[in-house]
Structure formats: C-alpha cells, structure tokens
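Read the structure below first, then the notes.
Just so we're on the same page: letters track the sequence lines, and every chain starts at 1. Just so you know, these numbers come straight off a predicted model, no measurement behind them.
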Amino acid sequence: MKVPISFNKLPTSPSIDKVGVEERVARFQTRSIKNESKRQGLDLVLSMIDLTTLEGKDTPGKVKQMCYKAHHLHDAYAGVPNVAAVCVYPSMVRIAKTALNGTDVKVASVSTAFPSGQSTREIKITDTKFAVDEGADEIDMVISRGKFLAGEYNFVFDEIASIKEACGKARLKVILETGELCTLDNVRKASHIAIYAGADFIKTSTGKIQPAATMQVTYTMLMAIKDYYDATGIMIGMKPAGGISTSKLALHNLVMVKEILGNNWLNNEWFRFGASSLANDVLMQIMKLETGVYQSSDYFSID
Amino acid sequence: MDRVEILKTYKIYIGGAFPRTESGRHYTPLNSKGDPLGNLCLSSRKDVRNAVVAARKAFGSWSERSAFNRGQIIYRIAEMLEGRKEQFISELQKQGSSKAEAEKEVILAIDRIVYYAGWCDKYNQVLSAVNPVSSAHFNFSTYESMGVIGVLAPQATSLIGLVSLLIPAICSGNTAVLIASEKLPLCAITFAEVLNSSDVPGGVVNILTGTLDELAPGLAAHMDVNAFISEPLGSMEIGIAQAAVDNLKRKFSYEADWSSEKSQGLYYISDCLELKTTWHPIENIGGSTSSY
C-alpha cells in the first residue's frame with residue numbers, strides 16, 4: 001500500500017538523455033512479431049483500450065452507443081474481448097454506468113476542469129466527487145501545467161494529493177499533458193511528482209493537444225514507473241492516450257512495456273490505451289489474420 | 001570517351017509520393033534484344049495494402065469535386081503528357097515499338113484522355129433517367145462513383161492500355177490502384193510522374209509494378225476495393241473472380257484492341273459507377289387540375 005509522503009521528502013528526479021531515449025525507442029520498433037504472437041497481442045490491445053469520447057457535442061445517445069460498442073466490438077466474429085473501460089465527461093458517467101450495468105467494462109471519468117485544468121482547487125475537488133458519486137470507477141485528472149512550468153511543483157503535488165483523497169475507492173489516473181510540458185526532463189519530473197503524490201496511473205495526454213502519446217514520452221514515463229517500483233515495490237499503471245490509432249503503433253507500445261516493466265504490466269489492470277479509433281483498426285487486423293483478406297472499414301461499426 | 005548511361009530506377013507511386021517497395025526487391029525486365037529496360041520495384045502485397053489505404057483516403061475529396069473541375073484536371077493530364085511526348089516515344093521504342101508505332105500510341109493516349117475529360121461533366125446527364133412510376137413519387141436514377149477501383153493494366157501495351165482502363169475509372173470520381181504491365185512497365189511509372197505534376201490529388205491514382213501472380217489476387221480479394229477491371233486474364237480469371245466475390249466487387253474483363261480508336265466509350269465510365277434510384281414523395285398531381 002502506498003504511503004503518502006510530503007513534498008519536501010520527494011527524492012530528486014533524474015534528467016533525461018533525449019538522444020538515448022530516441023535510439024532506444026527506435027529499437028522497439030524493429031522487433032519482428034510473427035502472426036501467432038501478433039494475434040495474441042491484438043487481443044491484448046483490445047482488452048486494454050479505454051474507449052473514449054470527450055467532445056462538447058457528446059449526447060446521451062452517443063455515450064450509450066459507445067458503451068454498447070465497448071462490449072460488442074465486432075459481433076460478426078465471436079471471441080473478441082471487451083475493452084477495459086469507457087472514458088467520458090462527468091455529466092455522462094451515470095448514463096455510461098447504466099448502459100454498462102452487468103458487464104466487466106469500467107467507467108472512467110475525466111475531471112478537474114478537463115482539459116485545461118484552469119480552475120480552483122474547490123471546483124476540481126467538487127468535479128471529482130461528483131464523478132465518483134455518479135459511479136465512476138476511475139478518475140482521469142489533469143495537472144496544472146501552468147503552475148508546473150512556473151516551477152510551483154509543490155502546488156502540483158498538493159493538488160494531486162487532494163484529488164486522490166477526493167477519489168475515495170476510484171483509481172486515479174494523472175494526465176500530465178506532455179505536449180505542453182515541452183521537454184522530456186519535465187515529463188520525467190511531472191511523472192515523479194504524480195507518482196509520489198498518489199497517482200495509481202500516469203497518463204500522457206488529454207488527446208486535445210499535439211503531440212500526444214509519442215513513444216519517447218511513454219518511454220520516459222515507463223522509466224519513472226520502473227524506478228519507483230525498484231525503489232518501493234509498488235506498481236503504478238501507465239496509459240498513453242491520443243495519437244495511437246494503428247495496431248502497429250499499439251503493438252510497439254506493448255513491446256516497450258514488456259521490455260521495460262515486464263509481464264506484470266501486460267494486462268488492463270496496469271496498462272491502458274486511451275483511444276477512439278484504435279479499436280476498429282485492431283479489429284480489422286484481427287479479421288485480416290482470421291480471413292487472410294485485407295479489410296474495409298465499411299464492415300465495422302462507426303466510431 | 002563514351003559515357004556510361006544511367007539506368008533509371010523506376011519507383012512506385014502511392015499517395016502522391018514515389019516510395020520504393022516496402023519489400024526492398026526489384027526486377028530488371030529485358031526488351032526483345034536482351035537489353036535491360038530499367039530497375040523496377042517488385043512490389044509486394046503490403047504495397048497493395050498501402051496503395052488501397054491511400055486510394056480510400058483520397059476518394060472522399062476527389063469524388064466531391066465538381067464534375068467540371070475533374071474534367072479540367074483530366075484535361076491537364078493530357079496537356080502534361082503532350083509536353084513529355086518525346087520521353088514516352090523513346091520509352092516505347094526502348095520497349096520494342098517502332099518509331100511510327102510509338103508516336104501513334106502516345107498521340108492516341110493523349111486524345112483518349114481528352115475524350116474522357118470531356119465526358120466528366122456529361123455522362124450523368126446521358127445515363128440518368130426520370131422513371132415513370134405508378135405512385136405519388138418523383139422517381140429518378142443517377143449514377144454515383146463507387147470508391148476504389150482495382151485496375152490491371154493490359155499486358156501487351158505499356159501506355160495506351162493503362163490509359164484506356166484507368167482514365168474512365170477515375171474521371172467519375174473513383175480512385176484507383178493500378179498494377180502496371182509486368183514486362184512493359186516503363187510508361188506506367190513515367191505516367192505517374194505526369195499525374196504527379198498535373199493537379200491530380202495524391203492518392204487518386206496509385207501505380208505499382210511487379211508480378212501479376214503476386215499482386216492481382218490480393219488486390220482482387222481486398223474488402224476495401226469496390227471494382228476490379230482488366231483485360232481477359234486467361235488461367236487467372238476464375239481465381240480472381242472468386243477472390244472478388246467476398247464483398248461483391250464489380251468485375252469486368254474487356255477484350256479490346258486498345259490501339260483502335262473504337263476502344264473507348266461511355267460504358268467504360270458507367271461500369272465503374274453505382275446507380276442510385278431515389279423515390280421522392282410528391283403531391284398527387286395526376287388527378288388534380290389547375291386551380292386557375
């Protein structure tokens with residue numbers, strides 16, 4: 001069990017060798033994956049997806065449709081796993097929870113004035129408690145990037161700790177929004193702060209800012225998780241989100257997780273993909289392996 | 001001192017770019033004298049896949065362009081081809097044509113492109129119909145583009161065959177993946193260079209070189225390809241037809257002498273179109289008379 005520590009006891013975060021990261025990441029992308037492992041990998045990817053809709057135009061109908069898709073990915077072919085969770089705004093949590101009643105699909109809710117995080121502590125806590133009360137199993141919070149870049153690390157630390165408290169039993173994913181953090185050093189430092197402040201998961205991006213989940217960023221965050229695990233024996237989950245829309249990229253990510261963190265992280269308890277269009281691409285690849293014929297999006301559900 | 005001539009590497013054409021085949025392989029076809037024609041990509045099934053993805057991506061905006069604008073762009077292809085006539089003539093000669101034959105083939109190709117450019121904003125008026133129905137509906141049928149068309153260029157010609165099949169397929173707003181003649185592939189790739197410099201958006205035409213045995217079955221079976229056109233394929237015909245059946249592809253094999261001026265026409269366009277019939281409810285005007 002994680003013991004909260006205060007900010008002044010936080011160990012220092014190491015700096016990052018960007019060139020080294022790029023070389024290592026490039027090597028993950030050259031692994032040859034044979035058909036049998038590919039098939040298993042694709043099933044695993046599907047089971048790790050947080051099917052996401054975070055639009056101003058979301059309606060109850062859209063959320064219900066996505067929830068149906070979450071446990072009926074491709075009814076034309078039996079034996080496809082369900083996704084791990086759906087990810088929605090707090091106002092849609094109750095609808096999603098009702099729609100997913102009786103399934104093993106979890107409901108995650110973004111909170112803390114997502115996506116900018118530009119609001120007061122009280123509002124962020126209220127936002128989080130509302131989502132939890134509505135039935136959210138997981139909370140995806142955003143950090144205050146402005147405060148982080150201004151060097152107010154203790155503010156960011158305390159904020160995460162107070163949201164963790166507001167979460168109760170819900171698991172907390174902390175979104176660093178790496179596209180706004182500018183350097184890998186900052187990504188590493190933010191990961192470090194989030195992990196020590198109480199994050200159960202660290203997550204790259206909101207999906208609203210480019211670049212999002214590049215492999216370099218995910219690698220840096222995985223290394224922060226590994227170092228924490230080596231120091232304390234406590235596992236932290238990882239969720240790259242945004243920009244992962246092809247099976248190939250998702251498989252590269254799995255290779256990276258396996259080689260850095262090992263098999264313990266290769267399940268949806270500890271690793272997730274935040275994505276909206278990835279599921280269909282994975283399904284098309286699975287059907288390609290099953291039928292031997294390249295597929296068309298005409299025969300898969302609309303996202 | 002004699003200069004050593006550089007043997008051109010002909011790359012494939014996918015999504016408006018000229019990549020090498022992902023397989024990294026090449027082949028060197030010879031002409032009847034035994035001289036090498038060039039180094040050509042020996043494309044793989046994955047290149048077919050990439051080409052179909054590029055064609056599908058280009059389909060939306062190409063099919064939504066106005067018919068008139070598509071006509072302008074097709075005409076532009078003819079203009080660019082006219083400007084590079086000499087290069088095509090010399091490539092055809094290299095591949096075994098006499099000078100007179102080569103000139104005739106290039107000129108006919110240019111004229112054929114102009115012919116189809118003219119059809120772009122006219123075929124729908126000629127083909128469409130208002131249908132008499134015995135109910136209170138205004139019923140009309142119009143033609144719409146299908147999607148991605150797989151094209152096997154005729155084997156015996158380098159230029160005129162591919163122009164004769166490709167241009168009518170794309171002039172209605174379809175996009176295409178074309179597999180060049182295996183033994184006479186030079187003009188196909190040079191034609192890609194013409195397309196690339198003539199306002200045809202990237203991905204509308206994608207051209208691969210390689211063997212029919214390797215590329216054609218994958219293209220015919222691809223679920224995201226909506227029609228498959230070629231000349232008669234002999235022993236491959238049945239296999240290709242079976243591969244094409246999964247998504248009910250339209251499949252046409254045209255037996256024609258492509259160098260004849262008669263081997264062009266409206267039906268090469270309409271074969272790659274879908275007929276849409278609309279039933280539009282109206283007031284029953286049949287029994288009523290004017291109130292004036």
Give me the contact list for residues 46-62 of chain B versus chain A, heavy atoms only, anything under 4.5 Å, ordered by residue number. B/Lys46, B/Arg49
Would you call A/Glu290 and A/Arg39 a salt bridge, taking side-chain N to carboxylate O under 4.0 Å as the test? yes
Does the side chain to side chain donor-acceptor pair (under 3.5 Å) test come out yes or no for B/Ser141 and B/Asn131, once each step is laid out? CA-CA 7 Å; B/Ser141 301; B/Asn131 313 311; 2.9 Å; yes
Cationic N near anionic O, under 4.0 Å, A/Lys239 to A/Glu138: no
Just to be sure I understand the criterion: a residue of residues 219-238 of chain B counts if one of its heavy atoms is under 4.5 Å from a heavy atom of chain A. Which ones qualify? B/Ala221, B/His222, B/Met223, B/Asp224
If you measure only the distance, is there a donor-acceptor pair under 3.5 Å linking the side chains of A/Thr59 and A/Lys57? no
Applying a heavy-atom distance below 4.5 Å, give me the residues of residues 161-182 of chain B that approach chain A, sorted by number. none
For A/Ser247 and A/Asp281, which I'm curious about, is there any donor-acceptor pair between the side chains at under 3.5 Å? yes
Is the closest side-chain heavy-atom distance between B/Thr209 and B/Ile12 below 4.5 Å? yes
Judged by modelled atom types alone, do B/Lys251 and B/Ser253 share a side-chain donor-acceptor pair under 3.5 Å? yes
Pairwise side-chain contact, A/Ser301 with A/His72, heavy-atom cut-off 4.5 Å (strictly under): no
Is A/Glu259 salt-bridged to A/Arg31, cutoff N-O under 4.0 Å? yes
Sorted by chain and number, sequence neighbours left out, ring pair (Phe, Tyr, Trp, His ring centres under 6.0 Å) with A/Tyr77 holds for none
Mutual orientation of the aromatic rings belonging to A/Tyr89 and A/Phe114 [parallel < 30°, tilted 30-60°, perpendicular > 60°]: perpendicular
Should the pair A/Phe201 and A/Trp270 be assigned to parallel (<30°), tilted (30 to 60°) or perpendicular (>60°) ring geometry? parallel
Tell me if the centroids of the rings in B/Tyr268 and B/Tyr116 come within less than 6.0 Å of each other. no
